[in-house]
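Treat the numbers as computed from the prediction; the structure is a model and nothing was measured.
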Amino acid sequence: MNIEEIARSWIEMWEFESGDPRRDQYEWVEDIEYEFVYEKPNEALDLILTIMNFSQSNAIKEVLAAGPLEQVLAQHGPKIIERVERLAQEDEKFAGLLGGVWKNSMASDVWVRVQNVWDRSGWDGNA
């Protein structure tokens, strides 16, 4: 299965509320997301970018920022921060998505670098 199919299925999965039995058909998507976030951070970023490019709905952006993006930064920040900085500087949509991330268990130096490149417009009442 390619990254586009995984991304489309991830978006479809989030059309259903947590606990909705229709989400059961997407367990494999959650397994892939988990594997990428915890074991393959660059693939996780690729998936995040693909999802972001397929959907700009606020609901998807909120889940994407507070979920896999925040978690991959918390787990692998030092390994991927340079790529994250570069992506945020090159792509305003990614910088905006990054604006929805919280510190979580991110290393303090990684958190500072995230804040230096994010765009908080539209998050938490920021204009």
Side-chain angles (χ1 to χ4, degrees):
M1 184 159 289
N2 67 39
I3 198 89
E4 289 85 9
E5 292 170 311
I6 298 166
R8 289 186 198 285
S9 294
W10 190 93
I11 294 165
E12 289 172 14
M13 176 182 71
W14 281 102
E15 291 175 4
F16 303 109
E17 295 290 325
S18 186
D20 186 320
R22 293 174 289 183
R23 279 186 70 141
D24 293 348
Q25 66 183 313
Y26 297 99
E27 272 187 31
W28 64 272
V29 176
E30 291 178 323
D31 292 343
I32 290 172
E33 176 187 339
Y34 184 91
E35 176 186 350
F36 282 8
V37 166
Y38 288 93
E39 299 172 18
K40 300 176 180 179
N42 281 303
E43 286 88 340
L45 283 176
D46 292 341
L47 178 59
I48 290 162
L49 291 168
T50 305
I51 293 167
M52 179 191 77
N53 287 322
F54 283 159
S55 176
Q56 282 295 301
S57 84
N58 285 337
I60 292 297
K61 287 183 352 185
E62 289 170 6
V63 173
L64 194 57
L69 182 54
E70 182 175 306
Q71 199 58 45
V72 76
L73 282 162
Q75 293 297 314
H76 303 283
K79 292 180 193 171
I80 62 168
I81 189 60
E82 288 182 14
R83 182 176 178 203
V84 167
E85 289 170 323
R86 187 172 58 254
L87 288 166
Q89 291 164 349
E90 294 171 356
D91 186 342
E92 64 185 32
K93 287 190 305 187
F94 185 75
L97 184 66
L98 204 55
V101 169
W102 289 19
K103 185 176 187 299
N104 195 317
S105 59
M106 241 177 269
S108 293
D109 61 323
V110 170
W111 178 237
V112 168
R113 291 171 74 175
V114 166
Q115 292 175 299
N116 285 335
V117 295
W118 70 3
D119 177 1
R120 293 276 299 145
S121 301
W123 293 101
D124 302 326
N126 289 306

Rounded distance [0.5 Å steps], OH in Y38 versus CD in Q71: 3.5 Å
Chi angles and distances behind the side chain to side chain contact (heavy atoms under 4.5 Å, CB included) call for S9, W28: CA-CA 10 Å; S9 294; W28 64 272; 3.4 Å; yes
Rounded distance [0.5 Å steps], CD in Q75 versus OG in S105: 6.0 Å
Heavy-atom neighbours of E92 CD exceed 12 at 6.0 Å: no
Contact summary for I80 and L73, nearest pair of heavy atoms: CD1-CD2, 4.1 Å
Shortest non-hydrogen contact from Q89 toward V117: NE2-CG1, 4.0 Å
Same cluster (ILVMFWY, side-chain, under 4.5 Å), F94 and W123: no
Atom CZ of F16: over 12 foreign heavy atoms under 6.0 Å: yes
N/O donor-acceptor pair under 3.5 Å between E90 side chain and L87 backbone: no
Chi angles and distances behind the salt bridge (charged side-chain N to carboxylate O under 4.0 Å, His left out) call for K40, D46: CA-CA 10 Å; K40 300 176 180 179; D46 292 341; over 6 Å; no
K61 and M52: CA distance, side-chain angles, deciding distance, side chain to side chain contact (heavy atoms under 4.5 Å, CB included) verdict: CA-CA 7 Å; K61 287 183 352 185; M52 179 191 77; 5.9 Å; no
Step-by-step salt bridge (charged side-chain N to carboxylate O under 4.0 Å, His left out) determination, D91 to K93: CA-CA 5 Å; D91 186 342; K93 287 190 305 187; 5.4 Å; no
Ring pair (Phe, Tyr, Trp, His ring centres under 6.0 Å) evaluation trace for W111 with W102: CA-CA 9 Å; W111 178 237; W102 289 19; 9.2 Å; no
Donor-acceptor contact below 3.5 Å, side chain R113 vs main chain E85: no
Closest non-hydrogen atom pair, E43 against I3: O-CD1, 4.2 Å
Donor-acceptor pair, side chain of N104 and main chain of M106, under 3.5 angstrom: no
Pairwise distance CD1(I48) to CG(L69) - rounded to 0.5 angstrom: 5.0 Å
Non-hydrogen atoms of E4 and N2 that approach each other most closely: N-OD1, 3.0 Å
Audit row: S108, K103, side chain to side chain contact (heavy atoms under 4.5 Å, CB included) steps and yes/no: CA-CA 8 Å; S108 293; K103 185 176 187 299; 3.8 Å; yes
Check: W14 side chain, I11 main-chain N or O, donor-acceptor pair, under 3.5 Å: no
I51 vs I6 side-chain heavy atoms within contact, under 4.5 Å: no
Single-linkage hydrophobic cluster V114~V112, side-chain heavy atoms < 4.5 angstrom: no
CA sep, side-chain torsions, deciding dist, call: E30, R23, side chain to side chain contact (heavy atoms under 4.5 Å, CB included): CA-CA 10 Å; E30 291 178 323; R23 279 186 70 141; 3.3 Å; yes
R22 side, atom CZ; E17 side, atom CD - distance, nearest 0.5 Å: 9.5 Å
Shortest non-hydrogen contact from W118 toward L98: CE3-O, 3.4 Å
For K79, side chain to side chain donor-acceptor pair (under 3.5 Å) partners two or more places apart: none
Minimum-distance pair of heavy atoms, taken over all atoms of V72 and A44: CG2-CB, 3.9 Å
Test item: W10 side-chain N/O and L47 main-chain N/O as donor-acceptor pair under 3.5 Å: no
Euclidean distance, E27 CD relative to Q25 CD, rounded to 0.5 Å: 10.5 Å
Any side-chain heavy-atom pair of V84 and V110 under 4.5 Å: no
